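Atoms within a ligand are numbered from 1 in the order they appear, just like the ligands themselves. Keep in mind the model is a prediction, meaning the values are calculated, not measured. The analysis underlying the following values was restricted to heavy atoms, covering all of them including side chains, and did not include hydrogens, waters or symmetry mates.
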Amino acid sequence: MQYTSTRGNETRVDFRTALLSGLADDGGLYVPTSVPVFSPQEIASWSWLPFDELAWRVMAPFVGDTLDEPTLRALVSDSYRGFRHRGIAPLQQLGHNEWILQLFHGPTRSSKDFAAQLQARFVRHFLGAECERVMLVGASNGDTAVAAIEALRHCPAAGLLALYPSAGTPADRAAVMRSAASDSVSCVAVDGSFDDCQSLVSALLRDWPCPGLIPVSFNSTNWVGVLAQIVFYFHAALQLGGGIRPVGFSIPTASFAEIYAGFIAQKMGLPINQIIVSTNRNDALHRFIHCNRYSRGSTSQTLSPVMDFSLFSNLERFVWELYDRDGGATRALMEHFEACGELSIGNRQWLHARMLFDSYAVDDVLIREEIVTLFHETGSAVDPHAATGVFAGRLHRRNIGAPIVTLGQFAPEKSAGLLAELGAWHGEVPAGAVGTAGDGPLLAADDLAGVHALLARLQAGR
Ligand SMILES: *Cc1c(COP(=O)(O)O)cnc(C)c1O
């Protein structure tokens, strides 16, 4: 399997190079030049497999001959070893034909562990003693960085630079990031939003200032982030219908990567009848799916902080696919977006997207009500992001006969304070409500020079 850039240069790289990278040379994202397709019989034959056995089979065509089968198998299985549930990603039933896929049994209790753990194994396998040449880089509202810090145990020589918004990052995650600081790890609060952090990281990766260091993005601008998430769809669909019955999904928009991963899973032959894009008040993606108008906007803080942003980097991969892998067209659209903050795709491409996608924006009042409703209906605490997905799923379900699965990306205890306040929580409330990031260095939202200085300090310290 070869990878190329979404922005049209002729580069062809293998899985290893795509994985050990930030952005492609022309500023685009790496994408596989073709999508592997499995036959219905082959998919159905996997229905008895445990999660890790399924995972390497789904990933294998994307990895190509970069790794032999036993190696891939071992790395993939090892990456789920620290998970606390034997099922890795169990389904929780909410009602008739209605489910949450629990993706929060990893070491840091979010779905980000799937990609982070896998990435660390791949990096260590590819670079071995040379891991110290790697700098993991990314923007985060907390969860991705915390997952990346935890995964560093498996390639301890790598460095890490994370930028997070000073307002809106949950205090417990900010505390983990601050306490991880070392000669090779730096997590810095930015006086701005997640979008500001992401813009700084993109600018840094586009013009990488340290030739001796390999930048590797720790969120799903890196292909491994998408790859890890494609498996979610296969796993859920196989549990619920053996790969034969169509299944619908509702995705809380903690990033576009999961949504794009679902789109790819469908292209690979998985019978997915619908994907619902569920946003909160920060509804940039809802406006894109609903009326083909995507715009960068100011974001506000909500009950589901991980969804509080409007810059979705994987949208670029989606646009590239919708335009039949036309890098020139994608480049033009993305450059227009970068200049004007707005993007609309062609009518044909948009209609194509609408065949699979629906969307909805759920405000905080409805999210609160949904959390309480779900607690009464099931006796279980459901986190606010998943509640957003369940609400949108109930509203926009196309086929009552098809199971609908909401991705549960975050453990409910991460929002225990809110759930307890709503009477939807059993037991004690762990410390760590939403708060400001507090002390520690604070970068201005446009301080790229400051980011360069941090990186130089990290490089010097190693
Ligand atoms: C996960 C993710 C985010 C959100 O990051 P958090 O740290 O979980 O808030 C944003 N963008 C991309 C590409 C991601 O993969």
Side-chain angles (χ1 to χ4, degrees), residues 6 21-23 28-31 103-104 106 108-119 136-151 160-174 176-177 180 187-190 192-202 205 216-230 232 251-262 279-280 282 284-285 296 299 301-318 383-386 388 407-411 414-415 434 437:
T6 47
S21 74
L23 296 173
L29 302 183
Y30 278 121
V31 269
L103 298 166
F104 48 74
T108 71
R109 304 301 226 171
S110 89
S111 57
K112 297 297 184 179
D113 286 322
F114 284 85
Q117 294 290 323
L118 192 61
Q119 182 177 53
L136 295 164
V137 186
S140 172
N141 272 326
D143 293 282
T144 317
V146 166
I149 289 166
E150 172 69 27
L160 182 139
L161 175 61
L163 302 183
Y164 63 97
S166 63
T169 301
D172 55 343
R173 276 144 265 182
V176 172
M177 289 193 273
C187 301
V188 182
V190 169
S193 62
F194 174 88
D195 288 350
D196 295 320
C197 299
Q198 182 62 53
S199 300
L200 280 170
V201 169
S202 298
L205 291 175
V216 176
S217 134
F218 66 65
N219 50 32
S220 32
T221 48
N222 190 287
W223 179 254
V224 76
V226 177
L227 188 60
Q229 307 198 97
I230 293 173
F232 301 165
I251 322 290
T253 54
S255 89
F256 199 78
E258 281 134 321
I259 297 161
Y260 171 73
T279 75
N280 60 23
N282 298 304
L285 283 182
R296 176 170 50 213
T299 48
Q301 288 178 39
T302 70
L303 297 178
S304 36
V306 181
M307 290 155 63
D308 294 348
F309 58 103
S310 72
L311 277 183
F312 292 89
S313 25
N314 275 279
L315 199 64
E316 179 161 344
R317 289 189 166 116
F318 183 55
D383 108 293
H385 308 84
T388 307
L407 298 195
Q409 299 131 326
F410 305 98
K414 290 199 175 208
S415 308
V434 170

Looking only at heavy atoms, what is the nearest atom pair of Tyr164 and Ala174, with distance?
CE1-CB, 4.2 Å
Write down the atom of Asn141, the atom of Pro165, and the distance for their closest heavy-atom approach.
OD1-CG, 3.2 Å
For the ring pair Phe318 and Phe312, is the centre-to-centre distance below 6.0 Å?
no
Quick one: are Gln409 and Ile251 in side-chain contact, heavy atoms under 4.5 Å?
yes
Can you name the side chain to side chain contact (heavy atoms under 4.5 Å, CB included) partners of Asp195, sequence neighbours left out?
Ser193, Thr299, Phe309, Ser310, Leu311
Looking only at heavy atoms, which two atoms of Ser304 and Asn280 are closest? And how far apart?
OG-ND2, 2.9 Å
Contact residues of ligand 1 (heavy atom under 4.0 Å), by chain and number
Lys112, Ser140, Asn141, Gly142, Asp143, Thr144, Phe194, Asn219, Ser220, Ala254, Ser255, Val306, Phe309, Ser313
